[in-house]
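A note on names: the letters A, B, ... follow the listed sequences, proteins ahead of strands, and every chain is numbered from 1.
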Amino acid sequence: MLKDITLGQFFPGNTLAHKLDPRTKIILVVLYIVALFCARFFVSYGLVALLLVMSVKVSGVHPKALVKGLKPILFIICFTAVLNLLYTPGEALVSFWVFTITREGILQAFFMVLRLTMLIMGTFLLTYTTSPIALTDGLETLLNPLKKLHVPVHELAMIMSIALRFIPTLIEETDKIMSAQKARGADFESGNLFQRAKALVPILVPLFISAFRRADELAVAMECRCYHGGGGRTKLHVLRYAARDYFVLTGFAAVLGGVLVLAHFGL
Amino acid sequence: MTDIIRTENLTFAYPADEGQQPHTALDGVDLTIERGSFVAVLGHNGSGKSTLAKHMNAVLLPGGGKVYVDGMDTSNEDLLLEVRSRVGMVFQNPDNQIVANVVEEDVAFGPENLGVPTAEIRQRVDSALKAVGMEAFMLHAPHHLSGGQKQRVAIAGVIAMEPQCIVLDESTAMLDPLGRREVLDTVRRLNREKGITIVLITHHMDEAAMAGRVVVMDNGKVVMDGPPREILVRMEELRAIGLDVPHTVELLHGLREDGFDVPLDAMSIQECAAAICEAL
């Protein structure tokens with residue numbers, strides 16, 4: 001069970017959203033976020049929401065999966081909503097004790113919740129339709145110009161992909177160590193928070209030692225396969241923009257333009 | 001040139017912990033490995049066999065003496081990539097040598113590092129995976145494979161670099177019998193069909209029995225060197241340095257002591273059975 005956890009769930013598929021170049025998708029998400037933060041009022045929010053709904057439809061991802069993604073940040077959403085509701089000055093509607101709820105407050109809270117929800121859903125859509133490897137690849141290529149500023153782009157991408165590669169291995173190992181410690185009478189389920197945290201030490205110590213050993217062996221194995229950094233490397237899969245990438249990019253850029261115009265007129 | 005790897009008076013010592021003598025792992029090893037041969041290197045733990053393996057593609061550099069790979073001195077840093085692309089290494093733990101998330105990407109890792117053009121990488125990956133019989137798993141995640149399958153992927157990753165020699169450093173030690181079979185069958189086929197030189201570091205006698213030549217190491221020295229039929233029958237000598245003989249040889253030895261006239265070098269189970277039948 002522990003074995004199947006991955007960072008950012010990926011639903012394989014064969015839709016337009018899956019086929020787009022990962023770089024395109026990353027740029028799309030950036031455009032989408034900019035549009036979201038520029039939106040002012042119902043009409044512009046509506047336009048961005050329409051874009052999200054269409055993207056979800058195209059991706060074939062079940063809306064339920066997107067809503068599920070909101071769970072961890074539910075608290076932040078509620079917190080922001082309440083703060084905005086209570087602390088926005090303006091035309092008072094209800095007033096009790098030290099709090100005043102204003103018309104502006106209600107609107108502000110509503111838009112804030114909408115913005116956060118749509119922000120999370122949009123970025124989740126990216127990780128749902130793009131495999132972690134494609135995402136790393138896309139990021140590496142997109143950030144390539146930063147190499148001129150001596151940012152170790154290739155190294156960072158390599159670190160990320162190796163981390164992704166070893167997550168299942170280390171999870172499996174954690175499972176094994178836990179079973180081994182349980183067999184020796186370790187107890188992970190009872191006691192207060194402090195005691196439970198302390199019970200984790202006998203898991204973490206061997207896990208770290210083995211992770212270091214693995215890292216060492218992997219480094220030697222990589223050297224044996226002639227790894228010598230990013231210089232002079234070629235790739236099995238070269239990213240190429242297709243017509244559909246330009247098409248979708250233009251569409252998103254147009255929506256961003258539309259939102260900017262609408263927001264300018266306060267709509 | 002008929003030698004792919006040649007060592008000349010090779011010595012190596014691991015740096016010592018404080019207040020201790022440095023541990024000598026290799027002590028004057030002279031060894032020539034012929035192109036296209038299948039050599040097994042035997043020895044118990046600490047005999048220096050893994051250290052020797054690591055010298056064969058410049059993971060370790062000689063403390064004294066020389067190692068030549070295909071005529072190139074491994075201590076010459078400019079030739080490092082050349083040396084490593086000619087002699088591939090497969091290690092013990094399959095999990096710690098697979099770099100990528102997808103089988104084909106992992107096999108492509110070596111050629112990518114060598115700067116092979118994209119179209120050729122594709123070709124090499126396809127033929128390497130076919131050579132180890134893993135082409136059906138091209139798009140699988142490595143952590144869902146069995147140990148033997150992972151090790152075959154690791155071998156494919158080495159083959160994709162088109163080496164002339166593959167060194168397997170106890171690559172079967174962590175595998176179940178089935179996985180061992182898979183790996184050994186694969187390397188034997190590669191040796192036979194593609195003429196790739198195989199150096200198999202092991203402490204399993206039955207693996208050594210299938211090689212063309214057996215080199216036995218003890219205390220950092222080569223103590224025996226010859227065809228398996230001559231080496232693996234020397235039961236007393238092997239036992240003295242902490243090694244066993246194949247079960248068949250042990251059986252034949254026992255029979256001989258009891259007065260049966262059987263040959264000692266009937267190594268495979270079939271041969272052994274035939275020899276016993278004849279003696280009866």
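The contact between F91(B) and chain A is made entirely by side chain atoms (from C-beta outward), counting heavy-atom distances below 4.5 Å. Neither the backbone nor the side chain of V90(B) comes within contact range of chain A; no heavy atoms are under 4.5 Å apart. Heavy-atom distances place both the backbone and the side chain of V99(B) under 4.5 Å from chain A. Contacts of N57(B) with chain A are made by side-chain atoms alone, with heavy-atom separations under 4.5 Å and no backbone atom involved. No part of Q92(B) comes within reach of chain A, as not one of its non-hydrogen atoms sits under 4.5 angstrom from that chain. For P111(B), the part lying near chain A is the backbone, with the side chain staying farther off; criterion is any non-hydrogen pair under 4.5 Å.
Looking at H143(B) and F166(A), their side chains never come closer than 4.5 Å, going by heavy atoms from C-beta outward.
At least one donor-acceptor pair closer than 3.5 Å links the side chain of N113(B) to the backbone N or O of R225(A). When atom types are taken as modelled, the side chain of E112(B) and the backbone of L236(A) share a donor-acceptor pair closer than 3.5 angstrom. Without hydrogens or angle criteria, T118(B) side chain to K235(A) main chain gives a donor-acceptor distance under 3.5 Å.
Comparing R84(B), E104(B), Q97(B) by how many heavy-atom pairs each has under 4.5 Å with chain A, the most go to R84(B). If you tally non-hydrogen atom pairs under 4.5 Å between each of R213(A), H228(A), R214(A) and chain B, the highest count goes to R214(A). Here G115(B) is the residue among G115(B), P117(B), A141(B) with the most heavy-atom pairs under 4.5 Å with chain A. When G88(B), P163(B), G157(B) are compared by the number of non-hydrogen pairs under 4.5 Å with chain A, G157(B) comes out ahead. Ranking R124(B), E120(B), E105(B), K54(B) against chain A, the residue ahead of the rest is E105(B), based on heavy-atom pairs under 4.5 Å. Note: N96(B) leads N96(B), D106(B), I121(B) in heavy-atom pairs under 4.5 Å with chain A.
Between the SG atom in C226(A) and the CG atom in L114(B) there is a gap of 4.5 Å [rounded to 0.5 Å]. Remark: N101(B) CG to S131(A) OG distance equals 8.5 Å, nearest 0.5 Å. To the nearest 0.5 Å, the span separating CE on M222(A) from CD1 on I98(B) amounts to 13.0 Å.
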(request) Test E217(A) against N93(B) for side chain to side chain contact (heavy atoms under 4.5 Å, CB included), laying out the working first. (result) CA-CA 9 Å; E217(A) 277 181 33; N93(B) 189 336; 3.7 Å; yes
(message) Would E173(A) and D95(B) count as a side chain to side chain contact (heavy atoms under 4.5 Å, CB included) here? Give the steps.
(response) CA-CA 11 Å; E173(A) 181 136 49; D95(B) 274 322; over 6 Å; no
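Open room surrounds CZ on F247(A); 12 or fewer heavy atoms of other groups in view lie less than 6.0 Å from it.
Residue-level contacts of residues 141-163 of chain A with chain B, in order of numbering, are M158(A), S161(A), I162(A); threshold 4.5 Å between heavy atoms.
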